[in-house]
Amino acid sequence: MSVHSDKKTTTLVTLLNKKKAGEKIACLTAYDACFATILSETGIDVLLVGDSLGMVLQGHDSTLPVTMKDMVYHMECVKRGNRGALLMADLPFMSYASESQTLENAAALMRAGANIVKLEGGAWIENTTKLLAERGIPVCAHMGLTPQSVNRIGGFHVQGRDTEQAQSIIDEAQLLQSAGASILLLECVPTKLAKAITDMLDIPVIGIGAGPDTSGQIMVLHDVLGVSPITPKFVKNFLTDSTAGIPGAIKAYVEAVENQTFPSDLHSFK
Ligand code: KIV
């Protein structure tokens, strides 16, 4: 295990200031203590304990089987390894279906070490966002492609390609900011739409498959290291060109996000 760095702790204020200053925010998923240390010491601002763990760790073909028990376990592991990154945790499928369930599950993730919880949805999570934010639990609203709804959507497809759908994503993003969301995460939407939403909102907008103009980028750790079984268009393997192993690959990712060489057109949707 490497030594502690003197990197300061990242907070939501840090991220807001970065957006205001036009500095890009670099985020990655993490699921264990060892990687949490490497990633946070290499300059990652936000570590997401994502329900993608159902696919990359557990081998499921969607995130739906992931439970609260899984999320709390991995959150606790990441918390132990973290060296100053902001910690975000997913509320898994059906864990925010009622008010009492939402509060109980979000509280469990915060007790396990999360600084903010992420939930997927549009207008229908407005009240949930308000409920959590009013009780001191920061919310990241995940919009665009929402993998927990894969059965309704009919696959992992780009969202917001037609004018009507794009406008409803814009309206719902505004609604969720007004409801108290602290971060918006946009997955698999066209570059132009992600830019419009990023420019419109005050809160940081983090993109994955959303082009280079969002306030920052997030990727699944296994994708960045080229060990995922599937590689969507927006994925880049940073390990291939690394001469310094995994820390070198993570450093290259952080630098590419910061100097805006990633994502390129090759990794974005028109
Ligand atoms: O669960 C996850 O890892 C995510 C990312 C794809 C953003 O939500």
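Counting convention: from 1, in listed order, for ligands and their atoms alike. If you're wondering where the values come from, they're calculated on a predicted model, not measured in any experiment. For the numbers below, each heavy atom of this structure counts, side chains included, while hydrogens, waters and symmetry mates do not.
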In ligand 1, which numbered atoms sit nearer than 4.0 Å to a non-hydrogen atom of [X]?
| X | answer |
| --- | --- |
| T29 | 3 (O) |
| H142 | 8 (O) |
| G50 | 1 (O), 2 (C), 3 (O) |
| D51 | 1 (O) |

Please determine which of K24, K18, K19 meets the salt bridge (charged side-chain N to carboxylate O under 4.0 Å, His left out) test together with D45.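 Going through K24, K18, K19 one by one, the salt bridge (charged side-chain N to carboxylate O under 4.0 Å, His left out) with D45 is satisfied by K18 alone.
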Using a 4.0 Å heavy-atom cut-off, say whether D90 meets ligand 1 through its side chain, its backbone, both or neither.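 For D90, only side-chain atoms sit under 4.0 Å from ligand 1.
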Verify side-chain hydrogen bond (donor to acceptor under 3.5 Å, both in side chains) between N17 and T14, making sure each step is shown before the conclusion. CA-CA 5 Å; N17 288 340; T14 319; over 6 Å; no
Evaluate the side chain to side chain contact (heavy atoms under 4.5 Å, CB included) criterion for residues L109 and V72: first the C-alpha distance (whole Å), next the side-chain angles of each, then the deciding distance (0.1 Å), finally the verdict. CA-CA 6 Å; L109 290 173; V72 167; 4.2 Å; yes
Starting from [atom], what is the nearest protein heavy atom, named by residue and atom, and what distance separates them?
| atom | answer |
| --- | --- |
| atom 2 (C) of ligand 1 | S52 OG, 3.3 Å |
| atom 8 (O) of ligand 1 | K118 NZ, 2.7 Å |
| atom 5 (C) of ligand 1 | L48 CD2, 3.9 Å |
| atom 6 (C) of ligand 1 | I208 CD1, 3.8 Å |

Centre of F238's six-membered ring, under 6.0 Å away, within 45 degrees of the axis: is that where NZ or CZ of K236 sits?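 Yes, a cation-pi geometry.
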Pick one: which of E104, E120, Q101, Q148 meets side chain to side chain donor-acceptor pair (under 3.5 Å) with Y96?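 Exactly one pass, corresponding to Q148.
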For a side chain to side chain contact (heavy atoms under 4.5 Å, CB included) with L119, tell me which candidate from L176, T146, T102, T128 qualifies.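 Exactly one pass, corresponding to T128.
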Parallel under 30°, tilted from 30 to 60°, perpendicular over 60°: which one fits the rings of H267 and F262?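 Tilted: the ring planes of H267 and F262 meet at 30° to 60°.
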Is there a heavy atom in E120 that sits closer than 4.0 Å to ligand 1?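 For ligand 1, residue contact (heavy atoms, under 4.0 Å) with E120 is absent.
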